[in-house]
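Below is one structure, written out as structure tokens; comments come after it.
Being a predicted model, the structure only gives us computed values, none of them experimental.
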2 protein chains.
Amino acid sequence: MHKEHNLTKNQKIIFDLIDKSSQPLKAYSILYNVKKKGIKAPLQVYRALDKLVEIGKIHKIESRNAFIACHNSSCQVAKATAFSICEICEKVTEISSAGLSKYLANFKDKDGMKYSKYNLEFFGLCKKCTLK
Amino acid sequence: MHKEHNLTKNQKIIFDLIDKSSQPLKAYSILYNVKKKGIKAPLQVYRALDKLVEIGKIHKIESRNAFIACHNSSCQVAKATAFSICEICEKVTEISSAGLSKYLANFKDKDGMKYSKYNLEFFGLCKKCTLK
DNA sequence: TACATAATGTTATATTATAACAATAACTAA
DNA sequence: TTAGTTATTGTTATAATATAACATTATGTA
Ligand SMILES: [Zn+2]
Ligand SMILES: [Zn+2]
Ligand SMILES: [Zn+2]
Ligand SMILES: [Zn+2]
């Protein structure tokens with residue numbers, strides 16, 4: 001579960017925008033959309049994004065350079081993330097699978113090395129796009 | 001196993017550089033290093049990189065915007081990739097685990113959706129950095 | 001209060017990646 | 001082999017993503 005963080009003004013403005021969005025948002029699209037709220041420079045956006053990622057309120061979709069709000073109450077503050085990405089419509093969904101996260105959290109490589117963090121991105125077609 | 005692709009001049013120059021490197025290389029660092037071979041513009045690098053990724057000779061490390069040669073004979077032409085990344089020294093290793101790839105290839109989400117492709121990046125400390 | 005820490009505002013710049021178009025090279029099918 | 005096709009290259013310009021540096025303001029805490 002997410003610890004309650006008291007978001008600052010900029011963080012709140014940017015989180016609300018991402019949270020309301022049905023798809024991941026890119027930094028400069030966020031910037032464009034919050035100009036009317038007084039956020040004028042890329043750095044203001046990136047600083048808020050960094051913080052929001054750090055506290056686990058949002059995640060970065062690395063392959064898309066885009067940000068999505070976390071709706072997965074069991075996800076361990078950005079330490080273990082998994083997403084499905086539709087290659088046609090770009091719909092992104094956070095995967096919440098106890099089996100998967102257990103498997104990955106316990107995964108050891110040949111050297112027996114354990115990892116503190118992972119990010120997994122699956123690609124395919126979403127339901128809608130499969131039917132087309 | 002990698003199908004033999006006849007690389008073009010630029011593709012070969014750039015693949016050789018990445019293949020010889022012990023760590024992932026970034027596009028503009030590649031550009032800098034192949035200037036003496038007549039490759040002068042970013043696009044020439046990006047085009048070669050795109051092709052090399054497409055045919056599975058290299059992979060992109062998404063979280064680092066960097067490229068690494070594939071040394072994993074069982075990896076299915078860029079459709080199923082897994083890496084470990086050291087958060088201190090940035091050493092990247094391609095993970096070759098039959099168990100892992102089987103697990104992920106067969107993973108189905110709640111909707112029973114299967115995926116054609118995935119990329120997994122683990123983060124932690126490599127052996128060297130753990131001992132420090 | 002006074003000090004430390006975090007967040008903000010602002011300008012400039014670095015880094016990563018693609019658009020657009022012309023010219024060659026390589027492949028394919030009469 | 002030759003015309004047509006596709007892939008690759010060269011080149012210039014520009015778009016998109018992200019950070020450096022520094023001054024200022026707000027917040028938390030002793
Ligand atoms: Zn999450
Ligand atoms: Zn779709
Ligand atoms: Zn590989
Ligand atoms: Zn290391």
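- Side-chain nitrogen and oxygen atoms of N65(A) include at least one within less than 4.0 Å of the OP1 or OP2 phosphate oxygen of dA18(D).
- In this structure, Y118(B) and A105(B) approach most closely via the heavy-atom pair CE2-N, 4.1 Å.
- Looking at every heavy atom in both residues, C126(A) comes nearest to C86(A) through N-SG, 3.4 Å.
- Taking every heavy atom of both residues into account, P24(B) and E90(B) meet most closely at CD-O, 4.3 Å.
- For DNA chain C, the outermost nucleotides in 5' to 3' order that have an atom under 4.0 Å from a heavy atom of chain A are dA7(C) to dT11(C).
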Filtered N/O pairs between nucleotides 26-30 of chain D and protein, under 3.5 Å:
none

Strictly under 3.5 Å: I want the nitrogen or oxygen pairs between protein and nucleotides 5-10 of chain D, one per line.
unit_1, atom_1, unit_2, atom_2, d
dT8(D), O3', T8(B), OG1, 3.4
dT9(D), OP1, T8(B), OG1, 2.6
dT9(D), OP1, N10(B), N, 3.3
dG10(D), OP2, N10(B), ND2, 2.9
dG10(D), OP2, Q44(B), NE2, 2.4
dG10(D), O5', Q44(B), NE2, 3.4
dG10(D), N7, R47(B), NH2, 2.4
dG10(D), O6, R47(B), NH1, 3.0
dG10(D), O6, R47(B), NH2, 3.3

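- Closest of all the heavy-atom pairs between K57(A) and F15(A) is O-CE1, 3.5 Å.
- Map A41(B) and D50(A) each onto its nearest nucleotide of DNA chain D; the residue landing nearer the 5' end is A41(B).
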Item checked: Audit row: D16(B), K20(B), salt bridge (charged side-chain N to carboxylate O under 4.0 Å, His left out) steps and yes/no -> CA-CA 6 Å; D16(B) 286 346; K20(B) 281 200 301 266; 5.9 Å; no

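- In this structure, the side chains of I95(B) and F107(A) come closer than 4.5 Å at one or more pairs of heavy atoms.
- Residues Q11(A) and K51(A) share a closest heavy-atom pair of NE2-CG, 3.4 Å.
- With centres under 5.5 Å and a plane angle under 30°, the ring of Y28(A) is stacked against the base of dT17(D).
- The minimum heavy-atom distance between E94(A) and H59(A), with the atom names listed, is OE2-NE2, 3.1 Å.
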Next item on the list: Go through the steps to decide whether E87(B) and K117(A) satisfy the test salt bridge (charged side-chain N to carboxylate O under 4.0 Å, His left out), and finish with yes or no.
Entry: CA-CA 10 Å; E87(B) 289 185 296; K117(A) 208 170 134 184; 3.7 Å; yes

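- Between the side chain of E121(A) and the main chain of I85(A), no donor-acceptor pair closer than 3.5 Å is present.
- The distance from atom CG of L31(A) to atom P of dA16(D) is 13 Å, rounded to the nearest whole Å.
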